[in-house]
Novice: 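Please find one structure pasted underneath; my questions will follow.
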Amino acid sequence: MTIIYSAQWTVPLSSPPFTDGGIAVSDDRIVGVGTRQILAQQFPQAEVRNFGPAAIIPGLVNSHSHLELTAMRGFLENEESDFFAWLKKLTIARLERMTADDLNVSAQWGACEAARAGVTCVADASDTAFESMNALRAVGLRGIVFQESFGPDPRLAQENFAKLQTKISRLRELETALVKCGVSPHAPYTVCGPQLEMIAQFAIVEELPLTMHAAETSMEVSLLSEGSGAFADGLRSRSIDWQPPSLSPIQYLKQHGILETKPLLAHCIHVDAADIETLGETGSKIAHCPKSNAKLGHGVAPLTRFLEQGMTTGLGSDSVASNNVCDLLEEARYALLLARSDVTETNLAAGLSAADVLQLATRGGARALGRSEQLGALQAGMQADFAIVSLDGAQQIPVYDPVSALIFSSSARDVVLTVVAGREVYRDGRVTTVDESRLRARMKEIGEKLKA
Ligand SMILES: [Zn+2]
């Protein structure tokens, strides 16, 4: 069966926006893009679903999330000025106070929030990837779930790596056409050099995508450059021998083979010109997380420099513990306003447009996940991953340009339909695939437990 989705505006991104048309979808694919008249001629038997004053856009791609942490939205506000304490409270809550079912519910609720926000695909880093993959499958989102690996102590590197291998073989069995697994050594300060090397080799041999946090904080920089600061003190207190390599985080990751995997690196705030060149040369990709970076006071990543270098860049919400929402339209708006308000970057950023950041939130993310041939644009032959955003609200009228209205006046709350591989996962105000009222009640329960 072919369905024509039409609206006042269509924003394919691989071609200019147009009015009074839409897309034709058959099974999991887009089979036509054009005006209402052209689509009616091409697909005379198709059912037409018209959304009126709204924009059809490619599905948003969240290139860095932690859906399992959705229950920690607003849980860590008092620790925000101390990232070490923030990580510690989060880790204890996740490992000691949340059951496997709590983490599954938390990830499902995060996936529902994403579906409601027009997000069709996520790059999700997860300690309990088994639960997160199941959550994506239940809600019907597309994504890669990256199994996290931790281990700052070189004496335990082999053992920790073996645990990761075991988990991956189990996760492989959960893979579907939509949901895949990958690996994620958590960060340079939580995974020792030998373990980074083993994981990088494993990713290459097994053809697993790799993501990790990189160059996120000044504490990470001082640990690697001088062996000082809270992360260094933390290692010492656990009797872990640490000799600082006197390298920047990016050069350190290069030294330990991570950049050979063409990784997707989240944050990349503390990078200099040489680091950016290295990232470009190695084909590394960036998950730009401007709101999380700002909320935790970690700094501003040089987005315009990344783009100037032609680097593959997507947008990430990071976990809602540090955001506090998964709203890629808001993330795109914030990325643009932040780049424009940085006076040292003004000349460069002056050229950054609403269309550019919408590209980051869709095609950039698709490219960062290695899926740009199937995702990120409305084009015949591509996967039918798209969202429809109402542009009829008080905050949006009048609309002179749909892209400008999407970026500067719209948010997740304006999304009216989300479709993944031709399946409507969110419509008429509800996620169609799971029981949201059960999940809502369970989320409140988990919140009460964490608060106690
Ligand atoms: Zn993260």
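Treat the numbers as computed from the prediction; the structure is a model and nothing was measured. In listed order, ligands and their atoms are each counted from 1. Residue numbers start at 1 and run along the sequence shown.
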Novice: Is the Zn ion (ligand 1) less than 2.8 Å from at least one N/O/S atom of H64?
Specialist: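 A backbone or side-chain N, O or S atom of H64 is under 2.8 Å from the Zn ion (ligand 1).
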Novice: Restricting to non-hydrogen atoms, name the atom on A135 and the atom on N104 that form the minimum distance, rounded to 0.1 Å.
Specialist: CB-O, 4.1 Å
Novice: Verify the distance test for C289 against the Zn ion (ligand 1): any N/O/S atom under 2.8 Å, yes or no.
Specialist: no
Novice: Run the side chain to side chain donor-acceptor pair (under 3.5 Å) test on E148 and H186 for me, step by step, so that the C-alpha distance in whole Å, both residues' side-chain angles and the decisive distance to 0.1 Å come before the verdict.
Specialist: CA-CA 6 Å; E148 288 186 322; H186 174 261; 4.6 Å; no
Novice: Can you tell me which N/O/S atom of D318 has the shortest distance to the Zn ion (ligand 1)?
Specialist: OD1
Novice: Hey, does the side chain of H66 reach the backbone of A125 with a donor-acceptor pair shorter than 3.5 angstrom?
Specialist: yes
Novice: Compute the ring centroids of H213 and H64, then answer whether they are less than 6.0 Å apart.
Specialist: yes
